[in-house]
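One structure is given below, encoded as structure tokens.
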Amino acid sequence: MNDEQVERVRELLAAVPPGRVTTYGDLAAAAGLNSPRIIGRILAEDSADLAWHRVVHADGKPAPHKVDEQLQRLRAEGIQIRNERVDIDVTRWRWDDAM
DNA sequence: AAAGTGACTAGAC
DNA sequence: CGTCTAGCCACTT
């Protein structure tokens with residue numbers, strides 16, 4: 001992991017608009033990382049200025065230890081939560097022409 | 001160097 | 001729903 005990748009991840013995450021979420025996998029792929037685990041590592045390292053709550057698992061489920069707060073934040077942004085899980089429609093946030 | 005761990009994912013059962 | 005495997009990558013013992 002070099003700082004460039006980390007910066008890219010932070011940018012991408014910052015580019016996710018409210019009401020939308022992305023997955024660890026998509027984020028990693030978009031940042032050119034080979035493993036989604038790195039995303040989790042980056043967030044664990046420094047999530048102070050990041051919209052970490054907009055990052056969910058591939059299933060649409062929030063982070064295991066912060067599930068409560070994350071779910072609450074997401075709901076506050078108007079994201080549809082059904083049974084502890086984000087709607088898969090908004091989970092996959094695509095960059096169509098923004099890339 | 002080797003093994004354990006984790007904000008991950010996908011497939012098998 | 002759940003557990004297990006197997007990849008995955010950086011970090012810590």
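By convention in this document, chain letters (A, B, ...) are assigned in the order of the sequence lines, proteins followed by strands, and residues within each chain are numbered from 1.
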Just how far, in rounded Å, is [atom2] of [N] from [atom1] of [X]?
{"X": "Tyr24(A)", "N": "dG6(B)", "atom1": "OH", "atom2": "P", "result": "15 Å"}
{"X": "Leu71(A)", "N": "dA7(B)", "atom1": "CG", "atom2": "P", "result": "17 Å"}
{"X": "Ile42(A)", "N": "dG6(B)", "atom1": "CD1", "atom2": "C1'", "result": "14 Å"}

Between Arg92(A) and Asp26(A), is any pair of side-chain heavy atoms under 4.5 Å apart?
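Yes, their side chains come closer than 4.5 Å.
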Would you check if Arg54(A) and Pro18(A) make a side-chain contact, meaning some heavy-atom pair closer than 4.5 Å?
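Contact flag for Arg54(A)/Pro18(A) side chains = yes.
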With rounding to the closest Å, how many angstrom separate the C1' atoms on dG6(B) and dC8(C)?
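My reading of the C1' atoms in dG6(B) and dC8(C) gives 12 Å.
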Taking dT13(C) as the reference, what is the distance to dA1(B) when you measure between their C1' atoms (whole Å, please)?
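The answer is 12 Å between these two C1' atoms.
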Which nucleotide, dC1(C), dA7(B), dA10(B), lies nearest any side-chain atom of Ala58(A)?
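Selected nucleotide: dA10(B).
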Starting at the 5' end of DNA chain B and moving along, which residue's nearest nucleotide shows up first, Asp59(A) or Trp52(A)?
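Result of the comparison: Trp52(A).
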Should Arg73(A) and Glu77(A) count as an ion pair when the cut-off is N to O under 4.0 Å?
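No salt bridge links Arg73(A) with Glu77(A).
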Between His53(A) and Gln72(A), does any side-chain donor sit less than 3.5 Å from a side-chain acceptor?
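On atom types as modelled, these side chains do not qualify, holding no pair under 3.5 Å.
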For a quick check of understanding: with a heavy-atom distance under 4.0 Å over all strands, which category does Asn83(A) fall into, base, sugar-phosphate or nothing?
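Result for Asn83(A) = sugar-phosphate.
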Any link between Ile88(A) and Ile79(A) through a network of hydrophobic side chains (Ile, Leu, Val, Met, Phe, Trp, Tyr) touching at under 4.5 Å?
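Per the 4.5 Å side-chain linkage, Ile88(A) and Ile79(A) are not co-clustered.
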Can you give one letter per nucleotide of nucleotides 2-13 of chain C, 5' to 3': B if a protein heavy atom sits under 4.0 Å from the base, S if only from the sugar-phosphate, - if neither?
-----BBSSS--
When you look at Gln70(A) and Val67(A), which way does the side chain to side chain contact (heavy atoms under 4.5 Å, CB included) test go after all the steps?
CA-CA 5 Å; Gln70(A) 185 162 11; Val67(A) 52; 5.9 Å; no
